[in-house]
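For reference, positions follow the sequence shown, starting with 1.
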Amino acid sequence: VGSTYRTFLSEGNSGSANPSVHLQLVEDSDATCTTDDSFKAYISDDANNNAQLCSSTAFNDGAWHHIALVSSAGNSHELYGYDISRCDHL
């Protein structure tokens, strides 16, 4: 059985050397995200450098969550997940 993704943000152009970002809910774990129902960020810059970040927390509790992806110079990225009772650096 393959992994199932629900993409809720996809911004950028397809093809190589085009920056893009994708935020997804990973319903079934994959090689990068080993927790079911976790969030995944996939980032590609204009030099075709790729980064993938995954939450270590499952977000399938029926509550609303705020997800933030912060990118800095030097290809540094952080993924945060917030809900009303928890603030996690993912």
Side-chain angles (χ1 to χ4, degrees):
V1 175
S3 297
T4 303
Y5 305 96
R6 294 188 183 267
T7 300
F8 57 92
L9 176 97
S10 184
E11 182 66 36
N13 299 316
S14 62
S16 62
N18 290 307
S20 64
V21 63
H22 308 278
L23 295 176
Q24 301 173 315
L25 176 66
V26 181
E27 292 184 340
D28 303 307
S29 61
D30 64 12
T32 305
C33 296
T34 58
T35 302
D36 289 351
D37 300 310
S38 61
F39 285 109
K40 179 178 189 174
Y42 179 84
I43 306 104
S44 179
D45 66 13
D46 55 1
N48 209 27
N49 296 310
N50 301 315
Q52 295 184 56
L53 297 102
C54 299
S55 68
S56 58
T57 304
F59 287 91
N60 60 346
D61 57 7
W64 283 88
H65 297 276
H66 176 86
I67 303 301
L69 175 65
V70 178
S71 295
S72 304
N75 210 23
S76 174
H77 311 285
E78 294 181 76
L79 180 64
Y80 295 90
Y82 304 91
D83 69 16
I84 208 162
S85 64
R86 179 177 62 219
C87 176
D88 295 327
H89 175 244
L90 310 174

**Q.** Sole residue of H22, K40, Q24 in side chain to side chain donor-acceptor pair (under 3.5 Å) with T7
**A.** Q24

Is there a side-chain contact between [X] and [Y], using heavy atoms and a 4.5 Å cut-off?
X: I67; Y: L9; value: no
X: I43; Y: L53; value: yes
X: T32; Y: Y42; value: no

Q: List in chain and number order the residues that pass side chain to side chain contact (heavy atoms under 4.5 Å, CB included) with T35, two or more places apart in sequence or in another chain; answer none if no residue qualifies.
A: S38, A58

Q: Kindly write out the residues that satisfy salt bridge (charged side-chain N to carboxylate O under 4.0 Å, His left out) with D37, not counting sequence neighbours, or none if the list is empty.
A: none

Q: Taking all heavy atoms of D36 and all of S29, pick out the closest pair and write down the distance.
A: OD1-N, 2.7 Å

Q.
Once rounded to the nearest 0.5 Å, what's the spacing between atom CG of D30 and atom CD of Q52?
A.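 D30 CG to Q52 CD: 7.0 Å, rounded to 0.5 Å.
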
Q. Any chain of hydrophobic side-chain contacts (each under 4.5 Å) joining V26 to F59?
A.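 V26 does not cluster with F59.
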
Q) If Ile, Leu, Val, Met, Phe, Trp and Tyr residues are connected whenever their side-chain heavy atoms lie under 4.5 Å apart, and connections chain through other members, are V21 and Y5 in the same group? A)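 No, no single cluster joins them.
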
Q: Kindly say whether S44 contributes a backbone atom to a donor-acceptor pair with the side chain of N50 at under 3.5 angstrom?
A: no

Q | F8: ring-ring contact (aromatic ring centres under 6.0 Å, His included) partners, not counting sequence neighbours | A |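 Result, ring-ring contact (aromatic ring centres under 6.0 Å, His included) vs F8: F39.
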
